[in-house]
Peer 1: 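Before I ask anything, here is the structure I am working with.
Quick note on labels: first sequence line is chain A, next is B, and so on, each numbered from 1. If you're wondering where the values come from, they're calculated on a predicted model, not measured in any experiment.
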Number of protein chains: 2
Amino acid sequence: MTRQSSELCEQVARWEVQLRKGILEFVILLTLSRREHYGFELVTGLTERAAIDVPEGTIYPLLLRLSKDGLIQSELRDGDGGAPRKYYTLTHKGSALLAAMIPSWQKLAASVDGLLGGHRN
Amino acid sequence: MTRQSSELCEQVARWEVQLRKGILEFVILLTLSRREHYGFELVTGLTERAAIDVPEGTIYPLLLRLSKDGLIQSELRDGDGGAPRKYYTLTHKGSALLAAMIPSWQKLAASVDGLLGGHRN
DNA sequence: CAACCAAGCCTTGCAATGCAAGGCTTTTTA
DNA sequence: TAAAAAGCCTTGCATTGCAAGGCTTGGTTG
């Protein structure tokens, strides 16, 4: 790989980090709206199913913040013969916030796609 | 408006701020790839055409950073009888980065929309 | 029994960015 | 002359992603 293209890769990587901000919170709430998940399951699940890589150092502080804000709640239960797991579910408040987020996301994504549509090279 | 819904509005607003991170850089490069723009024109243009509200306190530091990174370049010219304008255009490096960003955005947006598609309530 | 590994949770400190608030200059207009 | 509008910029704060590392539990292996 040339020096130029590796610098470009780094820039894209830095950009993707910023791109996640806010999106992750949305994605977590969206995932929990379908069924309860425990933390580690969110990490592996999002990586595999949605191709969104979420490191543990990101997910646990985020889950903690969402709990403090009353958007989700947790229950500690014994796992499948392994270490105990903390299962998270949406609260009523979390559902309401998610419902408000969806049109915001759709509007923004549509705007970006509109600009993308005009991109001809 | 009730106290609850105004708190929800504030939370959505805070979230939208985070959602912009990264997206704005992408949107600016995308906009400049079509034709040159001056700073204030980006503010008004994105608000009107793309419904993306970009305050001046956001756009000017961002344009400065993109210039420092060699992604865009500027030329100061007299405006339409008003104050002088700084016109920005993409550099070759900026075009290359934009080209690398597009598939990243499309992949992420597709992942989120995939999760959204499974959302039934 | 001791050593090891995987699942699973958490904390700390840093890096990066949006933006409110305010200030500056130039030109037009009342 | 005063005021408003176009247009550019800076400072400081708040927020968030994440790399790196540590902790616990239970199973597996020698």
Side-chain angles (χ1 to χ4, degrees), chain A residues 10-29 36-48 52-69 71-72 74-88 104 108, chain B residues 10-29 36-48 52-69 71-72 74-88 104 108:
Chain A
E10 281 172 26
Q11 278 186 314
V12 173
R14 259 203 309 275
W15 171 66
E16 285 179 340
V17 166
Q18 299 303 323
L19 193 54
R20 291 175 210 278
K21 299 207 173 190
I23 293 187
L24 280 185
E25 177 175 342
F26 181 49
V27 161
I28 296 300
L29 293 179
E36 66 174 11
H37 287 71
Y38 58 95
F40 204 81
E41 185 185 17
L42 287 170
V43 173
T44 56
L46 286 177
T47 299
E48 290 171 11
I52 300 177
D53 196 41
V54 186
E56 296 177 52
T58 296
I59 199 92
Y60 290 113
L62 176 54
L63 289 172
L64 210 61
R65 180 172 63 81
L66 295 178
S67 288
K68 275 180 190 162
D69 289 349
L71 302 172
I72 62 179
S74 64
E75 187 194 351
L76 198 63
R77 288 208 302 269
D78 277 355
D80 209 11
R85 298 166 173 172
K86 217 175 203 171
Y87 283 89
Y88 290 91
S104 276
L108 182 65
Chain B
E10 282 172 26
Q11 279 186 313
V12 173
R14 260 202 309 276
W15 171 65
E16 284 178 342
V17 167
Q18 299 305 322
L19 193 54
R20 292 175 211 278
K21 299 205 175 191
I23 293 187
L24 279 185
E25 178 175 343
F26 180 50
V27 161
I28 296 300
L29 294 179
E36 65 175 10
H37 286 72
Y38 57 95
F40 204 81
E41 185 185 15
L42 286 170
V43 173
T44 58
L46 285 177
T47 299
E48 291 171 11
I52 300 177
D53 196 41
V54 186
E56 296 177 52
T58 296
I59 199 94
Y60 290 114
L62 176 53
L63 289 173
L64 210 62
R65 179 172 64 80
L66 296 178
S67 289
K68 276 180 189 161
D69 289 349
L71 303 172
I72 62 179
S74 63
E75 186 193 351
L76 198 61
R77 288 206 303 270
D78 276 355
D80 209 10
R85 299 167 174 171
K86 215 174 204 174
Y87 284 88
Y88 290 92
S104 276
L108 182 64

Peer 1: What's the separation between atom CD in A/Glu48 and atom CG in A/Asp53, rounded to the nearest 0.5 Å?
Peer 2: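 Result: 11.0 Å between the selected atoms.
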Peer 1: Under a criterion of less than 4.0 angstrom to any heavy atom of chain B, what are the 5'-terminal and 3'-terminal contacting nucleotides of DNA chain D?
Peer 2: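 So the contact region on DNA chain D extends D/dA6 to D/dT16.
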Peer 1: Any side-chain heavy atom of A/Ile52 sitting closer than 4.5 Å to one from A/Ile23?
Peer 2: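 No; the side chains remain at least 4.5 Å from each other.
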Peer 1: Report the distance from atom CD of A/Glu16 to atom P of C/dA16, rounded to the nearest whole Å.
Peer 2: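 The distance from CD of A/Glu16 to P of C/dA16 comes to 16 Å, rounded to the nearest Å.
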Peer 1: Give, ordered by number, those residues of residues 55-65 of chain A having at least one heavy-atom distance below 4.0 Å to an atom of DNA chain C; if nothing qualifies, reply none.
Peer 2: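 Contacts with DNA chain C under 4.0 Å: A/Glu56, A/Gly57, A/Tyr60, A/Pro61, A/Leu64.
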Peer 1: Output all residues satisfying side chain to side chain donor-acceptor pair (under 3.5 Å) with A/Tyr60, sequence neighbours left out; order by chain, then residue number.
Peer 2: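 With neighbours one apart ignored, the set is empty.
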Peer 1: Heavy-atom nearest nucleotide on DNA chain C for A/Arg14 versus A/Tyr87: which residue maps closer to 5'?
Peer 2: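 Counting from the 5' end, the first nearest nucleotide belongs to A/Tyr87.
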Peer 1: Which residues satisfy the ring-ring contact (aromatic ring centres under 6.0 Å, His included) test with B/Phe40, sequence neighbours excluded?
Peer 2: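 Expected list: none.
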Peer 1: Please report, rounded to the nearest Å, how far the P atom of C/dT25 is from the CZ atom of B/Phe40.
Peer 2: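 That distance rounds to 18 Å.
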Peer 1: Which value, rounded to the nearest 0.5 Å, describes the distance between A/Leu19 atom CG and A/Leu24 atom CG?
Peer 2: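 Atom-to-atom, A/Leu19:CG and A/Leu24:CG are 9.5 Å apart.
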Peer 1: State which residues pass side chain to side chain donor-acceptor pair (under 3.5 Å) with B/Ser104; sequence neighbours excluded, sorted by chain then number.
Peer 2: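 Once residues adjacent in sequence are excluded, the partners of B/Ser104 under the side chain to side chain donor-acceptor pair (under 3.5 Å) criterion are A/Glu16.
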Peer 1: What are the two closest non-hydrogen atoms of B/Glu36 and B/Arg77, and how far apart are they?
Peer 2: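 Heavy atoms of B/Glu36 and B/Arg77 come nearest at OE2-NH2, 2.8 Å.
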Peer 1: Grab the two heavy atoms, one from B/Val43 and one from B/Glu56, that are nearest each other, plus how far apart they are.
Peer 2: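 Answer, listing the atom of B/Val43 first, then B/Glu56: CG2-CG, 4.3 Å.
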Peer 1: With DNA chain D as reference, determine whether A/Asp53 or A/Pro84 sits nearer its 5' end, using the nearest nucleotide of each.
Peer 2: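 Between the two, 5'-proximity favours A/Asp53.
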Peer 1: Check DNA chain D against residues 17-27 of chain B and give the residues with a non-hydrogen atom under 4.0 Å, in numerical order.
Peer 2: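 Here the set is B/Gln18, B/Lys21.
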Peer 1: What distance separates B/Leu42 CG from B/Leu62 CG, expressed to the nearest 0.5 Å?
Peer 2: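 Reported to 0.5 Å precision, the distance equals 9.5 Å.
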